[in-house]
Amino acid sequence: MVSFLKDKVYFKSYKRVLFFVVVTTTVLLSLPLMEGKFVKKNMEISVLLTPFNVDSTLDPSFLRYTTEYHYLQSLMINLVEIDGKENYKNQLAESIEKSSDGSEFRIKIKEAYFSNGDRITIEDVVKSIKRAIILGTPHFKGADVFRDADKLKSIDDEIAGVQVVSKSELILRFNHSTKEALYYLQLTDLGILHSSQYKKDRLQVKDWTEVTSGPYRAKIEDGKMAFVANQAALNYSEDMPQKIFFQSTSDIEELSKKIQAGDLHLGELRPMVYLKLQEKVKNIDGFKLFGSKNDGITALSLNAKSKVFKNESTRRWVLKRVLDSYEVPESTKGISEKAYQFFLPQAKGYVANAKIYELLENVDTQKVPDELKDGFSIETVTGMENYLLPGLERSLSDILGVNVSLKADMNGAEYENVLKTQKHEALTITISMSYKVLGETLNFQYLNETPFFQDPTGRVKELLKKYQSLDEPDQESLVIKDILKQMTLDAECIPLYYVSMPTFFRSDKIEVSDIYLDEAIQFWRIRVK
């Protein structure tokens, strides 16, 4: 039709009527996919997630909460992704060539476009990565990973670590052989940004309304964020939700009514919210959960720099007592199970529980250490009580035979300050570890910018360097066991339980069989019925 108009082909009057009908029909048929304005009702879905307003920060370099990952993973494309079988798979990357020593990667990208029609260039990829190095990311410290990254002051600076070599190719060079290179490249932290985005120091929701590289772009309606499908995206599909509305409520009764009425198609529930809701919603037709009981782990961090836990023997005493006696409450077993080590059960590196006990067989738990007789306090951030299993404070007090107090009154900034000053006695937090790979379970904890569990002796970091230098699976396995052994002997990380983030969906409205929960809910994998 466009070529007819461009070539100025004219019709006789009766043909003009036919032409008008055809053009009108074509335009009307295309409207459901334009702007989400006339999207057919059955291509819209309503999702339970805290909506952001237009001035909210939404930036891959400043990620803090899971909700942000849900949004950003749908607004950006990555070089690679992890599939449902935990294998790496190219996304924007067309090909990846790895050097023999594992320190260099040559990447060619596919032909792809931003939502405004601009082509995604190799410069966009390079400058997005440089921005992440300069501003930092939650999952890894780019300045330590990429070669010469410490010299990078501006995204326009040239460094050996991130270099354009042709119109469609770049080379990434790392300071040493990096087994988790592909793990880094599929993180939301390293999503591809548009020039209007990577030139800014901090991105807000309004920066995602005009142009994105991912399957959706943001749209503000009534001051809240919605998603509109991006037809230009590599991962676009006509049967994925063409428009997504986000809503939230803290009222359990209101939430229950919305679920029962079928007003919500998909949503993530905090563990404590689900426990309050489960009896009301478990028998609703079409209401189902997906995910596993070990999407993340709740652990206790004992500060080796504090007076109470300075001695390794005291920390091991706590570890053995917890492993011997802590049990998850019966009422929560649908979404949790006891943890005996820091690795997830499916993770590369998981070691039989019996091996953990062998390391602690000489620890005498009969007598309470003198340092613990006055008890100790555990701190965490405000809101974390929604993720901690009920009665945790009381259970730990009973198990250890001392008074254990739990305070959840810190904001994010205060929490980060506590990590830096190391003036606390103990901390607890629930950590999402859904990738189930060593790169997250170890690198995230010991090599990133603000590690949650410290490495009191430095031995874990040394073992990680050794692990990175090995290629033989048998040798890798031995080092992984040494790492777990060291974590057990240092006993600063006390595993409590694995827990899931219950995610519900309406099976009569949407199909989620292709969704796998790695870092976030992938909205473009949903198929609307």
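- The main-chain N or O of Val145 is never found under 3.5 Å from a side-chain atom of Tyr184 such that the two would form a donor-acceptor pair.
- The only member of Leu302, Leu372, Asp370 that meets side chain to side chain contact (heavy atoms under 4.5 Å, CB included) when paired with Thr314 is Leu372.
- Distance check, rounded to the nearest 0.5 Å: CG of Leu266 to CZ of Arg506 gives 12.0 Å.
- At least one donor-acceptor pair under 3.5 Å links the side chain of Thr380 to the backbone N or O of Thr428.
- Side chains of Val328 and Glu337 form no contact here, defined as non-hydrogen atoms less than 4.5 Å apart.
- Checking each of Phe523, Trp208, Phe246 against Tyr71 for a ring pair (Phe, Tyr, Trp, His ring centres under 6.0 Å) leaves exactly one that passes, namely Phe246.
- Pro495 and Ala299 make their closest contact through CA-CB, 4.1 Å (heavy atoms, listed as atom of the first residue, atom of the second, distance).
- Shown here for Leu484 and Gln341, the closest heavy-atom pair between the two residues is CD2-OE1, 3.3 Å.
- In terms of heavy atoms, Gln204 sits closest to Val54 at CB-O, 4.0 Å.
- Closest approach of Thr332 to Ser336, counting heavy atoms only: O-OG, 2.8 Å.
- With contacts defined as side-chain heavy-atom distances shorter than 4.5 Å, the pair Thr430/Met384 qualifies.
- With hydrogens and angles disregarded, a donor-acceptor distance shorter than 3.5 Å links the side chain of Arg315 to the backbone of Asp490.
- Remark: Lys529 NZ is packed, more than 12 non-hydrogen atoms of other residues, nucleotides or ligands lying under 6.0 Å away.
- Minimum heavy-atom separation, Ile378 to Leu427: CG2-C, 3.9 Å.
- A heavy-atom distance below 4.5 Å is found between the side chains of Arg527 and Met240.
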Determine, stepwise, if the pair Val281 / Phe504 fulfils side chain to side chain contact (heavy atoms under 4.5 Å, CB included).
CA-CA 10 Å; Val281 301; Phe504 71 85; over 6 Å; no
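- Defined by atom type and a distance below 3.5 Å, a donor-acceptor pair is present between the side-chain atoms of Gln247 and Lys258.
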Please test Gln486 against Glu462 for side chain to side chain contact (heavy atoms under 4.5 Å, CB included), starting from the C-alpha separation and ending with a verdict.
CA-CA 11 Å; Gln486 192 59 55; Glu462 290 304 312; over 6 Å; no
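- With contacts defined as side-chain heavy-atom distances shorter than 4.5 Å, the pair Phe62/Glu68 does not qualify.
- Of the possible polar contacts, none joining the Trp317 side chain to the Leu400 backbone as a donor-acceptor pair under 3.5 Å is found.
- You'll find the side chain of Met501 reaches within 4.5 Å of the side chain of Tyr387, heavy atoms only.
- Residues Thr188 and Met76 approach most closely at O-CE, 3.2 Å, considering heavy atoms.
- Salt bridge present: Arg525 and Glu81 bring a charged side-chain N and a carboxylate O closer than 4.0 Å.
- You'll find the side chain of Leu75 reaches within 4.5 Å of the side chain of Leu58, heavy atoms only.
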Between Lys257 and Asp251, is the salt bridge (Lys or Arg N to Asp or Glu O under 4.0 Å) condition met? List the steps.
CA-CA 10 Å; Lys257 288 176 183 177; Asp251 188 301; over 6 Å; no
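- The NE2 atom of His424 sits 5.0 Å away from the OG atom of Ser301 when rounded to the nearest 0.5 Å.
- Formation of a donor-acceptor pair under 3.5 Å by the Asn78 side chain with backbone atoms of Val80 is not found in this model.
- The aromatic rings of Phe505 and Phe290 lie perpendicular to each other, with more than 60° between the two planes, well past the 30° mark.
- Proximity of a side-chain donor or acceptor of Lys338 to a complementary backbone N or O of Tyr326 within less than 3.5 Å is detected.
- With a 4.5 Å cut-off on side-chain heavy atoms, Leu496 and Leu392 count as touching.
- With rounding to the nearest 0.5 angstrom, the CZ atom of Phe287 is 9.5 Å from the CG atom of Leu264.
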Please walk me through it: do Ser56 and Asn53 pass side-chain hydrogen bond (donor to acceptor under 3.5 Å, both in side chains)?
CA-CA 5 Å; Ser56 297; Asn53 61 46; 3.0 Å; yes
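- Distance alone, capped at 3.5 Å, is enough to place a donor-acceptor pair between the Arg321 side chain and the Thr365 backbone.
- Checking side-chain atoms of Lys89 against main-chain N and O of Asp83 turns up no donor-acceptor pair under 3.5 Å.
- Atom-to-atom distance recorded for Ser128:OG and Ile192:CD1 is 5.0 Å, nearest 0.5 angstrom.
- Using a 4.5 Å heavy-atom threshold, the side chains of Tyr88 and Leu185 count as separate.
- One finds the OG1 atom of Thr137 at 13.0 Å from the CD1 atom of Ile134 (value rounded to the nearest 0.5 Å).
- Not one N or O on the side chain of Asn386 forms a donor-acceptor pair closer than 3.5 Å with the backbone of Met272.
- Residue Asp201 qualifies as open at atom CG: its count of foreign heavy atoms under 6.0 Å is 12 or below.
- Taking CG of Asp59 as the reference point, atom CZ of Arg202 lies at 6.5 Å (rounded to 0.5 Å).
- Looking only at distances, a side-chain donor or acceptor of Lys320 sits under 3.5 Å from a matching main-chain atom of Leu360.
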